[in-house]
Amino acid sequence: MGRWLEETKPQVWRNREGFLDVDVAETLSVEGAAAFSVASWNCSAINNNPFEYIIEFDEEPGYADLMKAVERMLADPASDVPLHMVFTDEMQAELMAKLTAAGETADAIAAVNKVWASLRDATLVQGFLKNRQLGKKRLVSMPDRVSNTIRTAEGGRALRPTVINACVDKELESIASWWDSWLAFMFDRKVTMPSGSGSAGPTERTVFQLFRPIKKAKYEAITAEEEAVSLPLQALYLAAFDAVMLHIVTTVAKDSWLSVKRAVAQHMVDGKDDRQIQILADQYSSMDVVCLQEVSVAMVETLHRSLGTDFHVIAGADASPEQNQNSVILLKRATFPEAGLEITAEVKTRMVSNQLSPGDLVVVLCTDTAGVQYVVASFHGDSDGKSAVPTVGAVASVAAESYPDAKFIAGMDVNTTTPERSVQEHKLSWTTLLDELPKHNLTTAFGDRPPATDYTSFIARSSLQGQLHKAIPFTEVEAHACKEPKDVVLYRSGEFCRAKCWKDCVGDGSWRQDAVMPSVTFPSDHAIVAAVFKKL
């Protein structure tokens, strides 16, 4: 194998048997006005489940015991009882009454009752948790996304009573005490939502009113009948899922699981925004451009307060406080005196409707101190990567045709996967994306054809999350965890010459091969990718 140069910290180079495609001939010394630096990071704002991924966590010895006990229960056929033995018919009837009071029609309630009649006898594990259609239809993940951890206008958090967030309330000690709390949170409690970039101001709503319809145009697996009643149907599936999760942990570790959760949540969820901003301030405050993805509206406000002196903080006009998967651009004020003009809407005219969710994309036209224009884009792709190719094409086309004198730079989470996994899971392949880039005269900061093995996400999903079919055995992380090349910095050939590039999965500018993400020190399941260029 040839020798490559890998930068483990922005200021320190060392030789290594390589996995980063950095051409030795391009390791230029770049300083002063000729240098231009970019970083991109998916901050994973919506991941507030302390148990989502298997982590290295020696701080709490009971963590490993809990995770192994959960796996043993899920593997025991005797535990795979019908769903209605955990989420009972009485609970379902109480839920329907709440939905009726919330304004759902008699026809919608009848349709959901019909679904329950066929769902109630499904077994907990094989029939419900491992049902892949559940994930494809987003009947749990969609309502979980908007209700798991709600950032309120007052700056606080409203936490759904569930196993899969930072909630550690006493009501979670049993299903009986939990259920009343769950119903009250969903239908009786009102939360004041912060305003998005384009909204008039904070709005007060019940949590159920935050739910959004699931459209068949975007999620093909859902039927037309399910689409018509997708709001109450999401409430049913989410309630059943939360009940099953609580049943599992209280069965295997009734007296200890909450203390374990408290310890894990303290390290993995609480103060997550602050740790991410500290990483940006300590390691990436010298960058000219920082592209962020999956940023909450609350974190956007914190970015203004913490980094606003040095950076213009730009979220899109459609930034969503409900979905909290917003793309953001930080422009160094010393490089770009003005924040520039947002041109996201112009890019979207080149795309089919429903390809993007609110906040997924932000594109700006800005001018540096030398009078040179730039088109800068930050983008977060859908979970299957299907929106990446049309988005890259639309952004590049607008830049080339409408702003031909502007340089182009983008930081993106394209959500691609390896060619092998692409076939298995029907997701966008990394190589397919790379094949598209030359059509727009684009390349990546890691070269024209970086290998799919040069991953930026290394995750091992646990058994306490909504996609059980993707769970990895606790003791088999290295053998079965998912390594995917998801994150890129893109630029146009002929405008820049790459001098340095690196990946960071620690938070101090360094890279640990085979280290799972997130970790106690690194609060995201995506690595930071960064590069220094010489302007041509």
Are the side chain of [X] and the backbone of [Y] linked by a donor-acceptor contact shorter than 3.5 Å?
{"X": "Trp41", "Y": "His526", "answer": "yes"}
{"X": "Lys486", "Y": "Thr417", "answer": "no"}
{"X": "Asp384", "Y": "Leu428", "answer": "no"}
{"X": "Thr88", "Y": "Met85", "answer": "no"}
{"X": "His426", "Y": "Ser422", "answer": "no"}
{"X": "Asn48", "Y": "Thr149", "answer": "no"}
{"X": "Lys261", "Y": "Cys167", "answer": "yes"}
{"X": "Ser147", "Y": "Val207", "answer": "no"}
{"X": "Thr344", "Y": "Val363", "answer": "yes"}
{"X": "Asn415", "Y": "Gly381", "answer": "yes"}

Dump the intermediate steps for side-chain contact (heavy atoms from CB on, under 4.5 Å) on Ser524 and Cys43, then the final yes or no.
CA-CA 6 Å; Ser524 176; Cys43 297; 5.6 Å; no
Does [X] come within less than 4.0 Å of [Y], counting only side-chain N to carboxylate O?
{"X": "Glu226", "Y": "Lys216", "result": "no"}
{"X": "Lys130", "Y": "Asp80", "result": "no"}
{"X": "Lys503", "Y": "Asp487", "result": "no"}
{"X": "Asp360", "Y": "Lys348", "result": "no"}
{"X": "Lys68", "Y": "Glu71", "result": "no"}

Could you check whether [Y] and [X], counting side-chain N and O atoms only, form a donor-acceptor pair closer than 3.5 Å?
{"X": "Ser40", "Y": "Gln293", "answer": "yes"}
{"X": "Trp179", "Y": "Glu94", "answer": "yes"}
{"X": "Ser44", "Y": "Asp525", "answer": "yes"}
{"X": "Arg421", "Y": "Thr416", "answer": "no"}

Between Leu172 and Trp257, is the side-chain contact (heavy atoms from CB on, under 4.5 Å) condition met? List the steps.
CA-CA 10 Å; Leu172 289 172; Trp257 85 271; 3.9 Å; yes
Could you go step by step and tell me if Ser174 and Ser177 meet the side-chain hydrogen bond (donor to acceptor under 3.5 Å, both in side chains) rule?
CA-CA 6 Å; Ser174 71; Ser177 58; 2.9 Å; yes
So with a 6.0 Å cut-off around [atom1] of [X], is the heavy-atom count from everything else above 12?
{"X": "Glu478", "atom1": "CD", "result": "no"}
{"X": "Glu56", "atom1": "CD", "result": "no"}
{"X": "Lys470", "atom1": "NZ", "result": "yes"}

According to the interplanar angle, ranging from 0 to 90°, do the rings of Tyr237 and Phe128 count as parallel (below 30°), tilted (30 to 60°) or perpendicular (above 60°)?
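Aromatic pair Tyr237/Phe128 classed parallel.
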Which label fits Tyr455 and Phe458: parallel for a plane angle under 30°, tilted from 30 to 60°, or perpendicular past 60°?
perpendicular
Hey, does [Y] have a side-chain heavy atom less than 4.5 Å from the side chain of [X]?
{"X": "Thr192", "Y": "Glu154", "value": "yes"}
{"X": "Ser327", "Y": "Leu361", "value": "no"}
{"X": "Val140", "Y": "Gln234", "value": "no"}
{"X": "Ile55", "Y": "Met268", "value": "yes"}
{"X": "Thr456", "Y": "Met517", "value": "no"}
{"X": "Leu83", "Y": "Phe241", "value": "no"}
{"X": "Phe211", "Y": "Ser230", "value": "no"}
{"X": "Phe87", "Y": "Gln92", "value": "yes"}

Under the ring-ring contact (aromatic ring centres under 6.0 Å, His included) test against Phe57, which residue among Tyr63, Phe474, Phe51 passes?
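So the option named by the test is Tyr63.
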Under the criterion side chain to side chain donor-acceptor pair (under 3.5 Å), which of Arg157, Arg262, Arg275 is the partner of Asp270?
Arg157
Could you walk me through whether Arg461 and Gln467 satisfy the side-chain contact (heavy atoms from CB on, under 4.5 Å) test, starting with their C-alpha distance in whole Å, then the side-chain angles of each, then the deciding distance to 0.1 Å, before giving a yes or no?
CA-CA 8 Å; Arg461 294 189 186 275; Gln467 301 181 77; 3.8 Å; yes
Return the CG to CG distance between Asp382 and Leu356, rounded to the nearest 0.5 Å.
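It is 8.5 Å, given to the nearest 0.5 Å.
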Which atoms form the tightest heavy-atom contact between Val362 and Ala315, and what is the distance?
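Closest pair (atom of Val362, atom of Ala315, distance): CG2-C, 4.2 Å.
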Given the rule in the side-chain contact (heavy atoms from CB on, under 4.5 Å) test, do Leu238 and Met186 qualify, once you have shown the distances and angles that lead to the verdict?
CA-CA 11 Å; Leu238 185 64; Met186 198 64 66; 4.1 Å; yes
